[in-house]
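Shown next, in C-alpha cells, is the structure this report addresses.
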Amino acid sequence: MPQTPIFPSMLGSTCSGQVQPEMGERCGDPIYQDGSLVSGSLERTYIFTFLLSARVFIHPYEILAKVGQMCVKQKQQLESGSETDKAKLKSFAAKIIQLLREWTETFPFDFQDERARKELRDIAQRITQCDEENSTIKKSISQMTQNVLLTLSTRGQFQEIREKIRQPVCDKSTILKAKPQSSQKDILSVCSDPLILAQQLTTIELERLGNIYPEDLMQIISHMDSWDNHKCRSDVTKTYNLEAYDNWFNCLSMLVATEICKVMKKKQRTRVMEFFIDVARECFNIGNFNSMMAIISGMNLSPVARLKKTWSKVKTAKFDVLEHHMDPSSNFCNYRTALQGATQRCQSANSSREKIVIPVFNLFIKDLFFLHKIHSNLLPNGHINFKKFWEISRQIHDFLTWKQVECPFEKDRKIQTYLLTTPIYTEEALFLASFENEGPDNHMEKDSWKTLRSTLLNRA
C-alpha cells in the first residue's frame, strides 16, 4: 500500500496544511498539500471514506492488524504512569472505540472473515488495558461484537430466502391454449389501484435496498481492478444482494410484459397497459425511479411494443411524459434532473413519504464505474488519489441515506406475494403470446412465430 500518512492523521486531533477549495473549508475535512492527503480529523465522513476506499488496496483484516499494532505501540510509549500519559491513553482508547464503532456499524460484513474477527478481539483486549478503570469501554466492545454477529446472521437468512424466490418461467400450458384458464389471476384482479401497487413496489424496493451495503458496491470496483490488472483475488465473495436487486428489476419488467401479453382480449389488454402507465407515474411521484424504469422497460420490450392495434387504443400522453423523464440522451439528463429534485425534497422533508429516493440502480452502478474509470487510483507521485475516493464515498453515502428511509407504506402480503411469485413468461413465450394476440405483420415475423410455436410444443 502506498505510504500515505493515513493512520497518524486519522488519530490526530489537529488540522494543518492547505485545503483544496473543492473539498471544503471545515476543519473536519481532509487536508491536502501538493495534491497529497496530509491530515484529517476522526470525523465520520472521513472514516467512512477511508474504510470504503482502503479495501481496494489492502484487505480489511490487514488494516485491523495495523490498528492493533498501533495500540501496542501507543501503550508502550505511554507506560510511565503519569497523569498526562494516562489522559493520552484514555483519549487514544476513545478514538479507537469510535473508529471500531463506525467500522462495525457501517461495514459489518468485513467481519465475515474470521481473521477480521480475531483482530477485532485482539484490539478490544488491548484497548481495555489502555483504560482499565472505564467500564463503558468493555460494554461498548461487547455491544459492538453482538451487533456484528446479529447483522451477519440476518444477512445469511436473507440470502436463503432470496434463493427460494421464483425465476422467470414459461407457463406453456397457458400460452399454447387458445383461451386462458378461467381461474387464471391477473394483476387487476389482485390490485386495481395504481397508487397502492406503486406503494407495494416501493416497499419491495426499500427492502432490497436495505440489504445492499457499501462493501457490495465497492466490491464492483475491486473486481474491475482485478480484471484490469489481470489479477484474481481468491477471497472475493459473490455479491448476492446486488444480484438479487438486479434480478428484481428484470423480473418486474418481464412481469409487466407477461401481464400485457397473456390477456387475449384487446380491450382488456388496453386497460392493463394504461394501468401500468398509471403505476409508473405514481412511482415517479413517490420517488421510486427504479420501479418506474422497470415498468417502462417492460412496456418497451419487443413483444409488447409490436402490439400496434392495442397501442392505438391506449391514451399514450402520460406514457410519453414518462419516457421523456427516462430519455437516455445527454446521459439521462432529464432523469438526473428529476433525481436531483427528489434528493432536495428528501433533505428538507418532514415525513418518511417525502424522504423516499430510489434511484435507477443500473445507472447508479454505471456512474460508479465511470467515476472509477476516468480517475486513476494513484497520483503521479505514487500516493493514493484520495479525491477520487472521496467522491465515490460521497455518492455511496447518498445511497446509504436513501436506503435507510423507513418505509411509510403498510405491506400488503396478497399483492406482494403475487408480484414476487406469480409465473412470468420467458422471452420466447412472450413473443408467442404476442403473435397469438396480434398476428405477424411480415414474413420475418411469420417465420419467427412458426419456429417459436414448434419449439415450445416440442418442449411441452
Side-chain angles (χ1 to χ4, degrees), residues 1-17 26-33 36-55 57-108 110-111 113-149 151 384 386 393:
M1 187 173 181
Q3 296 300 308
T4 303
I6 289 180
F7 282 109
S9 59
M10 184 173 69
L11 299 173
S13 58
T14 60
C15 296
S16 61
R26 297 176 299 119
C27 188
D29 282 337
I31 306 302
Y32 294 83
Q33 190 170 12
S36 299
L37 176 69
V38 295
S39 71
S41 71
L42 194 63
E43 185 237 351
R44 181 167 190 139
T45 53
Y46 173 66
I47 296 176
F48 178 80
T49 302
F50 170 73
L51 292 177
L52 183 73
S53 58
R55 68 195 59 239
F57 305 95
I58 185 172
H59 296 283
Y61 77 87
E62 293 176 304
I63 303 175
L64 282 165
K66 289 180 179 290
V67 174
Q69 293 166 10
M70 288 182 59
C71 292
V72 173
K73 186 176 180 180
Q74 193 78 358
K75 192 172 186 302
Q76 290 173 346
Q77 291 176 345
L78 301 172
E79 280 186 329
S80 67
S82 67
E83 292 300 318
T84 302
D85 283 353
K86 285 182 178 179
K88 288 181 179 179
L89 269 178
K90 289 180 179 180
S91 175
F92 175 79
K95 290 177 179 178
I96 292 294
I97 289 295
Q98 183 185 349
L99 171 64
L100 294 179
R101 183 180 295 113
E102 297 287 348
W103 198 330
T104 54
E105 288 178 358
T106 312
F107 301 94
D110 285 348
F111 300 92
D113 190 332
E114 174 57 34
R115 295 169 295 185
R117 292 198 296 273
K118 179 183 179 301
E119 295 296 344
L120 179 62
R121 290 192 296 268
D122 291 345
I123 294 171
Q125 184 178 2
R126 291 162 184 163
I127 287 301
T128 303
Q129 294 171 354
C130 289
D131 192 2
E132 295 178 335
E133 298 174 0
N134 191 347
S135 61
T136 57
I137 287 184
K138 292 182 180 180
K139 291 180 181 178
S140 295
I141 291 173
S142 176
Q143 188 64 49
M144 271 190 278
T145 305
Q146 290 177 17
N147 290 342
V148 165
L149 294 175
T151 304
I384 294 172
F386 200 78
S393 74

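Listed here is the closest heavy atom pair of Phe386 and Ser53: CE1-OG, 4.3 Å. Pro108 and Thr151 make their closest contact through CG-CG2, 3.8 Å (heavy atoms, listed as atom of the first residue, atom of the second, distance). Scanning all heavy atoms of the two residues, the minimum distance from Pro60 to Arg55 falls at CG-NH1, 4.0 Å. Considering every non-hydrogen atom in both Arg126 and Cys71, the closest pair reads CB-CB, 4.1 Å.
Looking at residues two or more places apart in sequence or on another chain, you find no side chain to side chain donor-acceptor pair (under 3.5 Å) involving Ser140. Residues satisfying the side chain to side chain contact (heavy atoms under 4.5 Å, CB included) criterion with Gln146, sequence neighbours excluded, are Ser142, Gln143. Partners of Ala116 by side chain to side chain contact (heavy atoms under 4.5 Å, CB included), not counting sequence neighbours, listed by chain and number: Tyr61, Leu64, Phe111, Asp113. Contacts of Lys118 classified as salt bridge (Lys or Arg N to Asp or Glu O under 4.0 Å), with partners at least two apart in sequence or in another chain: Asp122. Under the rule for a salt bridge (Lys or Arg N to Asp or Glu O under 4.0 Å), Arg101 has no partner lying at least two apart in sequence or in another chain. In this view, Glu83 satisfies the salt bridge (Lys or Arg N to Asp or Glu O under 4.0 Å) rule with no residue, not counting sequence neighbours. Considering only residues two or more places apart in sequence or on other chains, Gln77 meets the side chain to side chain contact (heavy atoms under 4.5 Å, CB included) condition with Lys73, Gln74.
Within the 4.5 Å cutoff, side-chain heavy atoms of Ile96 are placed close to those of Val67. Between Lys88 and Thr84 there is a side-chain heavy-atom pair separated by less than 4.5 Å. Between Phe50 and Ser393, the closest side-chain pair of non-hydrogen atoms is not below 4.5 Å. Within the 4.5 Å cutoff, side-chain heavy atoms of Lys66 are placed close to those of Ile58. Taking 4.5 Å as the limit, every side-chain heavy atom of Thr106 sits out of range of all side-chain heavy atoms of Leu51.
Considering NZ of Lys75 and CD1 of Ile127, their distance stands at 10.5 Å, rounded to 0.5 Å. For the atom pair CD1 (Ile123) and OG1 (Thr128), the distance works out to 11.5 Å, reported to the nearest 0.5 Å. The distance from atom CD of Glu102 to atom CE of Met144, rounded to the nearest 0.5 Å, is 10.5 Å.
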> Checking salt bridge (Lys or Arg N to Asp or Glu O under 4.0 Å) for the pair Glu114/Arg121: CA distance, chi angles, key distance, verdict?
Replying inline: CA-CA 11 Å; Glu114 174 57 34; Arg121 290 192 296 268; 2.9 Å; yes
>> Assess the residue pair Trp103 and Ile47 against the criterion (side-chain contact (heavy atoms from CB on, under 4.5 Å)); give the C-alpha distance rounded to whole Å, side-chain angles, the decisive distance to 0.1 Å, and a yes or no.
In response: CA-CA 8 Å; Trp103 198 330; Ile47 296 176; over 6 Å; no
